[in-house]
There are 2 protein chains.
Amino acid sequence: MFEPLGYAPAYLRLSEAIRDRILRRELKEGQALPTETELARQFEVNRSTVREALRKLESSGLVGRRAGGKRLFVTRPTRESVGGGLSQALTLHETRVVDVWEALQAVQPGIARAAALRRSTEALEQLASCARRFAGRRGDREFAVEDVADFFNALGEASDNPVFVLLNEPLLRLLKPSLAVIIDRVPQARARIESAQKHIVDAVRDRDAETAAMWMTRHTRDFRRGYEVACIPLSTEVGQDLGVA
Amino acid sequence: MFEPLGYAPAYLRLSEAIRDRILRRELKEGQALPTETELARQFEVNRSTVREALRKLESSGLVGRRAGGKRLFVTRPTRESVGGGLSQALTLHETRVVDVWEALQAVQPGIARAAALRRSTEALEQLASCARRFAGRRGDREFAVEDVADFFNALGEASDNPVFVLLNEPLLRLLKPSLAVIIDRVPQARARIESAQKHIVDAVRDRDAETAAMWMTRHTRDFRRGYEVACIPLSTEVGQDLGVA
DNA sequence: GCCTGTCTGATTGTCGGACAATAATATGCG
DNA sequence: CGCATATTATTGTCCGACAATCAGACAGGC
């Protein structure tokens, strides 16, 4: 009949107040926050309370510190910060590799399409360089995995769509461990990835959206075959090796 | 030449320590955290430090309070918590409606396909009920928008893929404001949405993945037309009305 | 002029203790 | 046993303190 009348502790209202200011762009990116003491004075709360509020903002990536710095600055959430949150959420939701793979398969062709349509010259060069780096690399499988992830990320950048950029990160992060196993166990994996990347780069260069999407579809389908050949059960849960940096 | 030798303040190491325990499932969902005093004793730090660490965990949705409760419990991040983080990140990355729309268009057909393949009877019923609710509603456009979002969310649930479930939320949240405008300004919008939903529900019922995906493709394409007809510039930035709950 | 060392003030990280409000738990009673 | 009441535990907030260190000023030597 009656809903509980809301009460929010001060540290929460405080962090929301500051967050709104940031989202509203009244506090602009790169700008330094007032000092803790100053915030405490202005909001008329204790510095401890201010600090609790700041920790919340800090962990949503809205404020951060410059390397070796002391004061807090307004920042936009980085790919890593968003990705970290999403991937740890997925970890706790008992996400399986096949779920992540399915999402990747659903979204990557769209990214490839967008990248082909809108890629800038610089983004194309970035993408091509990722592909070259992967192809040129014979060594450690860890590095190879990084290169593959970098390729996808570069494609996301090329699409010039922040949604794609931010979405890519957590998915790749969760797939990396199993991807490493594939590269280890499936002899032809490197060659197939290399070939797919090459075709995708070409299609993106030629602004041929449909071809790019098609190769991306094949590319992701290959991953699934990789799981089977490498004997990784599709129902393996991700993040068991700790989805953390 | 030299990389900075890392130092992390205690509140950070503390929050990471607890977070790892949660991610590693040593602290299971629903379990109560030790009290602040107890944590302070065990980690040999001050309670203030513990509290700062807890605020971080709280805002990543790893711990939370039960309604009207005092103690903290281990929780898995909810759709809302993840969605909030992602959508505020996108807001600060100057995401435009067309970007969100593009992502939606890329991912929704995949979701529809997955839902058609795997939907349970209950999930189908949920989905159908969302469609019925939208169709039956004549009134307020705010409610209509909610219904549309619910439909997408129900489809995500039906796909039984946590990635899709968590991805859907922030995208919809960002689209809602502009969607409201469309429903207001485009007379035939309701009818077209209703029809698309109906076809999708039917396809999902029949486990016809390709038809479901096709109708979803049309459905999302309709949104884009809606933007044009409603004279919403595609480059409008999302979240200007505050991407917050 | 530029680099180096030193000094000073400001700011953060951490601590200890305090207290009111209230949720959680035990206690007593019918 | 169920329910009201008293006790205790726990959180939210405050205050004050201090060491570490970062930022900037300032001077001296090459």
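Any value given below was found using the heavy atoms of this structure, including those in side chains, with hydrogens, waters and symmetry copies removed. All figures in this text were calculated on a predicted structure; none of them were measured in a lab.
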side-chain contact (heavy atoms from CB on, under 4.5 Å) partners for V45(A), two or more places apart
L14(A), F43(A), T49(A), V50(A)
Return the value, rounded to whole Å, for the distance between atom CG of L12(B) and atom P of dG13(C).
9 Å
Terminal axis angle for the helix from dG1(C)-dC30(D) to dG30(C)-dC1(D), five pairs an end, nearest 10 degrees
30°
Identify whether the distance between the nearest side-chain nitrogen and carboxylate oxygen of E16(B) and R13(B) falls below 4.0 Å.
no
Contacts of F152(B) meeting ring pair (Phe, Tyr, Trp, His ring centres under 6.0 Å) (sequence neighbours excluded), chain-then-number -> H219(B)
Under a 4.0 Å threshold between the charged nitrogen and the carboxylate oxygen, would R173(B) count as salt-bridged to E80(B)?
no
DNA chain D nearest-nucleotide lookup for G68(A) and L72(B): closer to the 5′ end is L72(B)
Establish, with yes or no, whether the OP1 or OP2 oxygen of dT14(C) is under 4.0 angstrom from a side-chain nitrogen or oxygen of Y11(B).
no
Would you indicate what R65(B) reaches in the nucleic acid, counting non-hydrogen atoms under 4.0 angstrom: base, sugar-phosphate, or nothing?
sugar-phosphate
Using atom CZ of R41(A) as one end and atom C1' of dT11(C) as the other, report the distance to the nearest whole Å.
16 Å
For atom CD of E44(B) and atom C1' of dC15(C), their distance in whole Å
14 Å
dA23(C) P sits how many Å from Y7(A) OH, rounded?
10 Å
Residues forming a salt bridge (Lys or Arg N to Asp or Glu O under 4.0 Å) with E26(A), sequence neighbours excluded
R21(A), R24(A)
Any residue meeting ring pair (Phe, Tyr, Trp, His ring centres under 6.0 Å) with F151(B), in chain and number order, not counting sequence neighbours
none
Report all interatomic pairs (protein N or O, nucleotide N or O of nucleotides 16-18 of chain C) with separations under 3.5 Å.
residue, atom, partner, partner atom, Å
dG16(C), N7, N46(B), ND2, 3.1
dA18(C), N6, R47(B), NH2, 3.4

With E142(B) via side-chain contact (heavy atoms from CB on, under 4.5 Å) - residues at least two apart
D140(B)
Rounded distance (Å) that lies between atom P of dG9(C) and atom CD of E38(A):
20 Å
Acceptor/donor pairs from residues 124-131 of chain B side chains to any protein atom, 3.5 angstrom cut, sequence neighbours excluded:
residue, atom, partner, partner atom, Å
E125(B), OE2, R132(B), NH2, 2.9
S129(B), OG, Q126(B), O, 3.3

Applying side-chain contact (heavy atoms from CB on, under 4.5 Å), name anything that partners Q42(A), two or more places apart in sequence or on another chain.
E38(A)
Residue pairs meeting salt bridge (charged side-chain N to carboxylate O under 4.0 Å, His left out), one or both in residues 84-99 of chain B, sequence neighbours left out, come to R76(A)-E94(B), R96(B)-D99(B)
Every protein N/O lying under 3.5 Å from an N/O of nucleotides 5-10 of chain D:
residue, atom, partner, partner atom, Å
dT10(D), O2, K70(B), NZ, 2.8

In whole angstrom, what separates L39(A)'s CG from dT12(C)'s C1'?
13 Å
Distance check needed: dC14(D) P versus F43(A) CZ, whole Å only.
13 Å
Taking side-chain contact (heavy atoms from CB on, under 4.5 Å) as the test, write out the residues that go with S81(B), two or more places apart.
P77(B), T78(B)
To the nearest angstrom, how far is R66(A) atom CZ from dA23(D) atom C1'?
14 Å
